[in-house]
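In this text, all values refer to a predicted model and were calculated from it rather than measured experimentally.
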Amino acid sequence: MPVSLPPGPLVIGLAGPQLSAEETALLQHPLIGGVILFERNFTDAAQLRTLCQRIHGLREPRLLITVDQEGGRIQRLRPGFTRLPAAADYGHAFDRDPERGLERARAGGRVMAGELVALDVDLSFAPVLDLDYGVSEIIGARAFHADAETAAALAGAFMAGMADAGMAACGKHFPGHGAVAADTHLTQVVDARPRAALEGDLLPYRRLFAAGMASVMMAHVVFPAVDGQPAGFSRRWVQDILRGELGFDGAVFSDDLGMAGAVVAGGPAERVRAALAAGCDYVLLCNEPQAVREVVAALPANTAPVPAHRHARLLARAMDDAGLPVARQVLAAGA
């Protein structure tokens, strides 16, 4: 029988393609709200469906199962899945023919989400809303376009395709990661632009919030014109700007707290506390099982449960998959 618990704030990685006894017990801890999948958790479709069903069966409401399945070089699950184009591919198609570009973006979202929902995965952390300034080592072709309005239109089409398949969307990396060269996985990153210069980066969020986007992921980037802390640790960014100025009431994810851009906040427990204090609903600990153990030992079990309405919006809904073959054809035709 599933354990009845409100979802906790921790979204954690797993060691392999099956749950260990330790992981099974951990996923029933009140601090846990979901898992994030990687290549190490996947061998084939049948195995992944079994894994997801077992995870979903542990809790009520069920734990959130997530993955990074954007397309291009960020596609964690590959064998047996459609090889998805990078977001920039849709932008290039848009530049040639706007209608065709939007059609391809919607098809990409439909295929990506449809294949995951069929295996009981709830959420892919997509679409990327960062703009292509031509300088970022980590964003690059993950961005739809350099123009904010065009990026918003293409990301909106991709989000609509995800919704066609029964999946919510997660825009990232708020407020923007495309204008800095360095990679927050490897170092602390600073974007020194004045506040007014960030309005273009915020435009896709404004557009997609109006269209019903259910979640965002914060950047580990520091914007000194706004706050000296990385955005995901900043109440100014999360509470004042995201919640206040932009009126966003969906779920807020931290980026992976194991990244170098997050170490400024201290050890694992201090990072989690800082992200939650800033206003994040979920915090990611992707690849450090010992860090998860430290956090679970250090934080009270009832720390910051995720609001039920935000969690519920992110759980995938089973949909008729009749449109999936057509969407695959649209992608293949533009390859």
Side-chain angles (χ1 to χ4, degrees), residues 11 34 36-37 48 52 62 64-72 74-78 81-91 93-94 100-130 142-145 150-174 204-217 248-253 282 309-332 334:
V11 177
I36 180 168
L37 302 174
L48 184 62
C52 291
R62 71 179 192 250
L64 182 69
I65 300 178
T66 71
V67 69
D68 280 313
Q69 191 84 340
E70 301 166 16
I74 309 298
Q75 181 172 345
R76 304 303 186 198
L77 310 177
R78 292 182 181 267
F81 286 82
T82 299
R83 183 63 62 93
L84 300 165
D89 177 88
Y90 308 121
F94 183 95
R100 178 64 172 163
L102 294 172
E103 180 187 28
R104 279 182 54 72
R106 185 162 188 157
R110 177 70 177 83
V111 171
M112 182 276 291
E115 293 181 345
L116 293 175
V117 170
L119 299 179
D120 290 330
V121 178
D122 293 300
L123 179 70
S124 174
F125 291 117
V128 169
L129 301 186
D130 303 312
R142 297 169 69 189
F144 285 93
H145 210 274
T150 302
L154 288 164
F158 193 90
M159 184 176 83
M162 294 173 69
D164 292 341
M167 181 179 284
C170 181
K172 63 184 185 185
H173 307 81
F174 185 85
Y205 290 94
R206 295 182 189 274
R207 297 284 188 270
L208 270 67
F209 291 167
M213 176 167 275
S215 64
V216 299
M217 178 181 286
F248 181 65
D249 188 44
V252 178
F253 289 85
Y282 298 95
H309 71 286
R310 291 179 184 159
H311 187 81
R313 285 182 69 190
L314 301 181
L315 300 176
R317 307 176 307 282
M319 304 284 279
D320 183 354
D321 64 358
L324 190 55
V326 174
R328 288 193 181 110
Q329 290 173 7
V330 170
L331 284 186

| field | Distance-minimising heavy-atom pair for Met112 and Ala126 | value | CE-CB, 4.3 Å
| CG of Leu84 to CG of Leu331: how many Å apart, nearest 0.5 Å? | 7.0 Å
| message | What's the separation between atom CG in Asp120 and atom CG in Leu48, rounded to the nearest 0.5 Å? | response | 8.5 Å
| query | Under the 3.5 angstrom rule, does the side chain of Tyr282 hit a backbone N or O of Val252 as a donor-acceptor pair? | reply | no
| Main-chain N/O of Leu64 paired with Asp122 side-chain donor or acceptor, under 3.5 Å | no
| Okay, side chain of His311, backbone of Arg62: is any donor-acceptor separation there less than 3.5 Å? | yes
| remark: Those residues at least two apart in sequence (or on a different chain) that pass salt bridge (charged side-chain N to carboxylate O under 4.0 Å, His left out) with Arg317 are none
| Heavy-atom donor-acceptor pair, Ser124 side chain to Gln69 backbone, under 3.5 Å | yes
| request: Using a strict cut-off of less than 4.0 Å between a Lys/Arg side-chain nitrogen and an Asp/Glu carboxylate oxygen, indicate whether Arg76 and Glu70 qualify as a salt bridge. | output: no
| task | Please determine if Asp89 and Arg104 form a salt bridge, counting it only when a charged side-chain N lies under 4.0 Å from a carboxylate O. | result | yes
| query | Do any N or O atoms from the side chain of Arg310 and from the backbone of Asp249 form a donor-acceptor pair under 3.5 angstrom? | reply | yes
Report, one line per pair, each donor and acceptor closer than 3.5 Å where one atom sits in a side chain of residues 150-158; sequence neighbours left out.
residue, atom, partner, partner atom, Å
Thr150, OG1, Asp147, OD2, 2.8

| query | Between Leu129 and Leu208, does a side-chain contact (heavy atoms from CB on, under 4.5 Å) hold up when you go through it step by step? | reply | CA-CA 10 Å; Leu129 301 186; Leu208 270 67; 4.0 Å; yes
| request: Determine, for Arg328 against Glu115, whether the closest basic-nitrogen to carboxylate-oxygen distance falls under 4.0 angstrom. | output: yes
| How would you list all residue pairs meeting ring-ring contact (aromatic ring centres under 6.0 Å, His included) that involve residues 107-128, not counting sequence neighbours? | Phe125-Phe253
| remark: Nearest heavy-atom contact between Cys170 and Met217 is SG-N, 3.6 Å
| task | Give the minimum heavy-atom separation between Arg100 and Val330, together with the two atoms involved. | result | NH2-O, 3.5 Å
| said: Restricting to ring pair (Phe, Tyr, Trp, His ring centres under 6.0 Å), what partner residues turn up for His173, sequence neighbours left out? | reply: His177
| note | Closest non-hydrogen contact found for Arg78 with Gly72 is NH2-O, 2.9 Å
| note | Residue set satisfying salt bridge (charged side-chain N to carboxylate O under 4.0 Å, His left out) with Arg207, at least two apart, ordered chain then number -> Glu149
| field | Residue pairs fulfilling side chain to side chain donor-acceptor pair (under 3.5 Å) with at least one residue in residues 155-169, sequence neighbours excluded | value | Arg106-Asp164
| note | Closest heavy-atom pair, Leu314 versus Ala168, reported as atoms and distance to 0.1 Å, is CD2-CB, 4.1 Å
| note | SG of Cys52 to CG of Leu116, rounded to nearest 0.5 Å, is 9.0 Å
| request: Could you point out which residue of Phe174, Phe209, Tyr205 forms a ring-ring contact (aromatic ring centres under 6.0 Å, His included) with Phe248? | output: Phe209
| said: If I compare all heavy atoms of Met162 with all of Ala113, which pair ends up nearest, and what's the gap? | reply: CA-CB, 3.8 Å
| Expected output: side-chain Gln75 to main-chain Arg83 donor-acceptor under 3.5 Å | no
| query | Where do Leu37 and Val121 land on the side-chain contact (heavy atoms from CB on, under 4.5 Å) test, with the steps shown first? | reply | CA-CA 9 Å; Leu37 302 174; Val121 178; 4.0 Å; yes
| Run the salt bridge (Lys or Arg N to Asp or Glu O under 4.0 Å) check on Asp68 and Lys172 step by step: do they pass? | CA-CA 11 Å; Asp68 280 313; Lys172 63 184 185 185; 2.9 Å; yes
| field | Short N-O contact, Arg110 and Asp321, less than 4.0 angstrom | value | no
